[in-house]
Protein chains: 2
Amino acid sequence: MSNSRMTVREIAKLAGVSVATVSRVSNGTGQVSEEMRRRVLDAIEKHGYRPDHLGRALAAGRHGALGLVFPGLSGPYFTELIQGFESEAVPSRASVHILCTHLRSDSDDQVLEMGRRVDGVAVMGGTISDEALLRLAKLVPVVVVAGEGPGDIPSVRADNVGSMLALTRHLLADHDLRDLVFVGTPAGSPDVSERWAAFRRAHHDLGIEPPAEPVAVSMQQADGVLAADQLLGGETPRPAGVVCANDETALGVLVGALGRGLRVPQDLIITGFDDVPVAALVAPALTTVRQPVRELAAEAARLILRAAGQPGDIPGGGLVLPTELVLRRSCGCPAPPTGGTGR
Amino acid sequence: MSNSRMTVREIAKLAGVSVATVSRVSNGTGQVSEEMRRRVLDAIEKHGYRPDHLGRALAAGRHGALGLVFPGLSGPYFTELIQGFESEAVPSRASVHILCTHLRSDSDDQVLEMGRRVDGVAVMGGTISDEALLRLAKLVPVVVVAGEGPGDIPSVRADNVGSMLALTRHLLADHDLRDLVFVGTPAGSPDVSERWAAFRRAHHDLGIEPPAEPVAVSMQQADGVLAADQLLGGETPRPAGVVCANDETALGVLVGALGRGLRVPQDLIITGFDDVPVAALVAPALTTVRQPVRELAAEAARLILRAAGQPGDIPGGGLVLPTELVLRRSCGCPAPPTGGTGR
DNA sequence: CGGGTAACAGAAACCGGTTTCAGCCGACCA
DNA sequence: TGGTCGGCTGAAACCGGTTTCTGTTACCCG
């Protein structure tokens with residue numbers, strides 16, 4: 001009923017019992033007589049008492065919280081990541097702290113500060129310095145998501161190389177395409193870096209000269225439109241295909257290409273990476289690589305929770321989750337027999 | 001250097017000083033002689049000591065954290081929201097706890113639990129029950145974002161009504177359109193609810209009969225494609241225009257319409273709400289309403305931080321941030337003179 | 001040389017919980 | 001009737017910091 005911010009001692013005084021009894025009742029531990037329990041519950045109910053997390057966490061010796069650190073939020077990838085992480089943390093009654101480092105200069109320090117507020121941290125690859133990562137790992141269990149950590153810091157990531165090799169080989173060999181370009185900025189993102197390397201390696205494996213440089217744009221849909229402007233603006237010869245570092249930029253390139261009256265895949269093929277929900281629904285449907293982002297984050301949360309439970313380091317070195325090449329219309333493959341573009 | 005999890009008392013013993021001195025040095029408060037300071041700093045440096053947040057927060061009587069509660073993460077809107085909130089919290093050295101309630105049945109309880117872990121909470125409208133909101137407000141300062149709270153709980157929201165009235169009136173009067181449909185689910189989202197109501201009111205103001213029901217889909221791009229399937233599938237007469245509750249569904253409808261060979265705006269007009277970055281870049285560019293999402297979240301964070309500083313309730317009742325009608329090509333307005341669809 | 005003061009260090013209390021440990025009381029049994 | 005045991009309760013210690021309050025020392029000045 002009445003207002004808040006009560007403490008155990010106040011409730012104890014109001015109920016005429018000791019703080020130990022209040023604690024026992026509110027936690028359901030130990031033995032308490034029916035009479036005492038009723039008195040305490042009445043006082044708790046009447047004053048809307050809820051134990052403060054700080055005292056409880058301090059006594060328990062754990063924070064009951066996990067940290068998630070990423071460079072910035074953009075697009076479906078990060079929302080999937082957060083949700084996967086959160087959905088695994090909540091059932092364990094752990095709250096989730098987030099930190100977007102953006103490009104703040106003091107982000108290393110903020111991450112270390114977070115290391116004293118939580119029971120474990122998942123850090124996106126490429127977000128903070130290796131040195132900060134190592135220092136963080138001395139404070140709490142750490143897992144690197146979508147990247148590799150220095151030393152023996154465990155990591156969880158998707159198989160970028162296998163699928164990007166298969167995708168590029170498919171374009172070069174099966175569709176006999178040349179003059180592919182790669183859209184994405186390898187620097188700063190281990191994922192993009194691996195994809196770019198695999199894109200080049202697939203070329204070399206087939207004795208084809210890959211482009212020297214990627215088209216460096218960042219990872220949002222608007223950047224894909226800008227890349228389309230740059231590639232299809234008419235100043236340079238039009239490439240045969242655009243291999244994008246993620247689906248979002250691919251959808252941007254698609255929008256830009258269709259807006260210029262180009263036909264996809266007849267005039268230009270486009271591929272993405274991630275298999276976001278809308279990739280299957282656009283016309284033409286987007287050829288891409290499916291990676292289990294939610295599962296990636298959930299696995300990271302599980303590793304941290306397990307490590308936070310018992311002291312000692314996390315055993316596993318690097319966990320690589322499988323990915324899957326998804327061939328659709330935008331690379332020139334025929335539409336599936338079950339139907340056209342819709343649905 | 002060596003490992004972690006040191007306490008003040010351990011450092012004090014190692015440095016041969018009292019815990020008070022260690023605290024003074026690590027906080028830079030009080031008077032400490034150069035000799036003592038050096039000894040303490042050496043020990044801190046040598047053992048990589050960082051004060052634990054729990055003890056510090058307990059002594060300070062504040063958590064140094066803000067909470068953000070939303071139903072689920074989908075699309076650019078929520079990422080903007082989180083970033084706006086986070087960017088305002090971090091400079092105040094407050095960490096950000098997030099909670100996605102999804103549709104979990106115990107979310108009311110989880111929100112109340114959060115109320116004892118943070119100094120204030122921002123809750124998205126329509127996320128938890130009014131009763132839980134009132135109980136939460138007794139624990140910590142609360143602000144409702146994009147919605148209205150019960151009682152005198154302050155809120156921060158965008159002006160949905162004014163802009164949606166203007167947009168609908170523009171379509172009905174300036175473009176002389178009839179047979180508009182509204183895509184979005186009012187139930188559960190105060191924003192969508194207000195937009196749907198304003199859509200209908202604009203009809204009534206002009207003596208035009210609005211549609212009886214909205215096309216109820218959820219708010220992601222894929223749902224817009226599904227709505228396009230439903231609306232343009234050929235079973236019912238094609239509407240003249242599709243007014244969407246947000247840009248994401250509008251982009252989905254646009255993709256679906258273009259995929260069926262329809263021309264926008266000649267055969268069908270489409271409008272959105274939010275003005276996400278890609279809305280200006282698609283072809284045709286999307287007519288929409290710009291709302292300051294980041295600013296909305298930042299304002300919520302500021303209100304909470306201010307209220308957490310001094311006890312007592314947040315003064316302001318409801319803060320309504322202005323929105324702006326953005327007319328582009330997709331509603332039939334001419335392309336701006338400065339250039340075509342691209343760029 | 002005595003008294004006052006400023007600078008500094010440490011013991012102890014405190015923040016809000018949990019948990020251990022000791023003690024009280026009633027019941028049961030010999 | 002006395003001893004033991006089990007159920008229940010509360011005082012006190014503890015988690016890891018901060019802060020107050022009390023000394024102690026050295027220095028300066030008259």
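Sequence lines set the chain letters: A, B, ... in the order given, protein chains first and strands last, and positions in each chain run from 1.
Side-chain contact between Glu194(B) and Arg157(B): present, with at least one pair of heavy atoms (C-beta onward) separated by less than 4.5 Å. When side chains are defined from C-beta on, Leu139(B) counts as touching Arg50(A), because their heavy atoms get closer than 4.5 Å. Within the 4.5 Å cutoff, side-chain heavy atoms of Val123(A) are placed close to those of Leu136(A). The closest side-chain heavy-atom distance from Pro150(B) to Leu133(B) is below 4.5 Å. Contact check for Pro154(A) versus Leu319(A): no side-chain heavy atoms found under the 4.5 Å cut-off.
Applying the salt bridge (Lys or Arg N to Asp or Glu O under 4.0 Å) test to residues at least two apart or on different chains, the pairs with a partner in residues 83-105 of chain A are Glu86(A)-Arg104(B), Glu88(A)-Arg302(A), Arg104(A)-Glu86(B).
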* Structure fact -> Readout for nucleotides 20-26 of chain D: B = base within 4.0 Å of protein heavy atom, S = sugar-phosphate only, - = neither; 5' to 3' it is B------
Can you give each donor-acceptor pair under 3.5 Å made by side-chain atoms of residues 64-79 of chain A, sequence neighbours left out, with the distance rounded to 0.1 Å?
from     : atom 1 : to       : atom 2 : distance (Å)
Thr79(A) : OG1    : Pro76(A) : O      : 2.9

Donor-acceptor contacts, no H, no angles, side chain residues 12-25 of chain A, under 3.5 Å, sequence neighbours left out:
from     : atom 1 : to       : atom 2 : distance (Å)
Ser18(A) : OG     : Ala20(A) : N      : 3.4
Ser18(A) : OG     : Thr21(A) : N      : 3.4
Ser18(A) : OG     : Thr21(A) : OG1    : 3.3

* Asked: Should His53(B) and Glu113(A) be marked as a side-chain contact (heavy atoms from CB on, under 4.5 Å) after you check the CA-CA gap, both sets of side-chain angles, and the distance that decides it?
  -> CA-CA 8 Å; His53(B) 178 71; Glu113(A) 164 65 22; 4.0 Å; yes
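For the pair Thr21(A) and dT9(D), the criterion of a side-chain N or O lying under 4.0 Å from OP1 or OP2 is not met.
The environment of Arg37(B) atom CZ is dense: over 12 non-hydrogen atoms of other residues, nucleotides or ligands sit within 6.0 angstrom.
A heavy-atom distance below 4.0 Å to DNA chain D is reached by these residues of residues 52-61 of chain B, ordered by number: Asp52(B), Gly55(B), Arg56(B), Leu58(B), Ala59(B). Shown for residues 32-43 of chain B: no residue has heavy atoms falling under 4.0 angstrom of DNA chain D.
In this structure, Thr7(A) reaches the sugar-phosphate backbone alone: every heavy-atom distance under 4.0 Å involves primed, P, OP1 or OP2 atoms, never a base. Here Gln31(A) lies in heavy-atom contact (under 4.0 Å) with a base. Counting any heavy atom pair closer than 4.0 Å across all strands shown, Arg116(A) reaches sugar-phosphate atoms only and no base atom. Among the heavy atoms of the strands, none lies under 4.0 Å from Val22(B).
Distance alone, capped at 3.5 Å, places no donor-acceptor pair between the Asn27(B) side chain and the Thr29(B) backbone.
The nucleotide range of DNA chain C contacted by chain A, defined by atoms under 4.0 angstrom from heavy atoms of the protein and reported 5' to 3', is dG16(C) to dT20(C).
Gln31(B) meets the side-chain contact (heavy atoms from CB on, under 4.5 Å) test with no other residue; sequence neighbours excluded. Asp130(A) pairs by the salt bridge (charged side-chain N to carboxylate O under 4.0 Å, His left out) definition with nothing, not counting sequence neighbours. Arg294(A) meets the salt bridge (charged side-chain N to carboxylate O under 4.0 Å, His left out) test with Glu80(A); sequence neighbours excluded. For Glu131(B), the side-chain contact (heavy atoms from CB on, under 4.5 Å) partners are Ser129(B), Arg135(B), not counting sequence neighbours.
Rounded to 10 degrees, the angle separating the terminal axes of the helix from dC1(C)-dG30(D) to dA30(C)-dT1(D) is 60°, with each axis obtained from five end pairs.
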